Amino acid sequence: MPLDLPSVIGHRGAADSAPENTLAGFRRAAELGARWVEFDLRLTGDGQPVLFHDDGLRRITGASGRVADKSLEEIRDLDAGAWFSPAFAGEAIPTLAEALTLLATLGLGINIEIKPDQGREDETARIGLGEAQRLWPDHLPVPLISSFSHAALHAAQAVVPHWPRGLLASRLPRDWPDLVADYGCSSINLDHRHLTPEVVDKLRLAGLDVLAYTVNDPRRAVTLWNWGVLSVFSDCPDRLLKARQ
Ligand code: G3P
Ligand code: MG
């Protein structure tokens with residue numbers, strides 16, 4: 001199925017109303033009307049792909065150390081929901097397989113953001129995307145793969161060449177035309193705070209889709225859409241979808 005990006009993509013699920021990068025967050029995103037969600041992918045110490053944004057475990061689980069220092073078994077003992085609200089206590093850090101199974105059942109489109117540890121860029125993309133390729137059903141839109149890591153994009157190109165890639169950056173890099181050509185990107189995903197109408201025009205003229213993160217103010221979203229931004233990542237997809245109507 002061709003890529004048909006919506007105007008709003010749930011950021012880390014629906015991070016405003018459910019704990020980020022959890023199964024509960026994806027269910028919530030679907031309830032709020034999101035058609036697509038973004039999530040962050042990294043590897044445990046024993047090379048298992050899981051959904052987690054930070055390098056360190058502290059903010060989300062209260063535990064010390066890094067995801068990369070723990071085995072999947074140790075990671076699975078941690079609570080990724082209680083920090084957000086007692087209502088979500090017991091929510092686990094999902095494996096990629098669990099997340100993809102649920103997301104496919106919900107019929108959501110996905111943006112897999114590869115968040116590799118330094119030195120594990122290739123490994124993270126190969127293991128994560130290899131698994132995603134095995135599990136993601138053909139009847140759903142192909143996933144969009146993005147990363148701040150150029151090495152991860154390079155590996156994604158080799159593993160799933162037919163899945164579209166987005167160059168992720170805070171500000172538009174000076175050498176964006178080379179990067180986009182080198183990694184075969186069809187979109188550039190930028191921090192909305194650094195976007196201008198001129199930048200959006202330039203990128204669209206080059207044939208690229210422009211995506212913007214993280215946009216929670218409906219008025220700002222309308223401005224960005226009017227500039228030609230295709231999709232915005234939002235923690236509160238429902239509020240932005242209302243503004244879009
Ligand atoms: O992919 C968009 C956005 O998620 C990138 O930043 O730090 O929220 O993963 P971050
Ligand atoms: Mg992300």
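First listed ligand is number 1; within each ligand, the first listed atom is number 1. Bear in mind that the values here come from a model prediction, so they are computed numbers and not experimental data.
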Is the closest side-chain donor-acceptor distance between Asn111 and Ser146 under 3.5 Å? yes

N/O donor-acceptor pair under 3.5 Å between Glu74 side chain and Ser71 backbone: yes

Check Ala212 against Leu195 and note the closest heavy-atom contact, atom names and distance. CB-CD1, 3.8 Å

Considering all heavy atoms of both residues, which atom of Pro116 and which atom of Thr124 are nearest to each other, and what is their separation? CB-OG1, 3.7 Å

Could you list each nitrogen or oxygen of ligand 1 that sits under 3.5 Å from a protein nitrogen or oxygen, with the atom names and the distance?
from	atom 1	to	atom 2	distance (Å)
ligand 1	1 (O)	Glu38	OE2	3.0
ligand 1	1 (O)	Glu113	OE1	3.2
ligand 1	4 (O)	His11	NE2	2.8
ligand 1	4 (O)	Glu38	OE2	2.6
ligand 1	4 (O)	Glu113	OE1	3.2
ligand 1	7 (O)	His53	NE2	2.7
ligand 1	8 (O)	His11	NE2	2.9
ligand 1	8 (O)	Arg12	NH2	2.8
ligand 1	9 (O)	Asp40	OD1	3.2
ligand 1	9 (O)	His53	NE2	3.3
ligand 1	9 (O)	Glu113	OE1	2.8
ligand 1	9 (O)	Lys115	NZ	2.8

When you measure from the side chain of Arg239 to the backbone of Pro237, do you find a donor-acceptor pair of N or O atoms at a distance under 3.5 Å? no

Taking side chain to side chain contact (heavy atoms under 4.5 Å, CB included) as the test, write out the residues that go with Pro197, two or more places apart. Trp227

Of Lys115, Gln118, Arg66, the residue whose pairing with Asp55 passes side chain to side chain contact (heavy atoms under 4.5 Å, CB included): Arg66

Donor-acceptor contacts, no H, no angles, side chain residues 174-183, under 3.5 Å, sequence neighbours left out:
none

Judged by modelled atom types alone, do Asn189 and Ser187 share a side-chain donor-acceptor pair under 3.5 Å? yes

Keeping waters out of it, list the protein N, O or S atoms under 2.8 Å from the Mg ion (ligand 2). Glu38 OE2, Asp40 OD1, Glu113 OE1

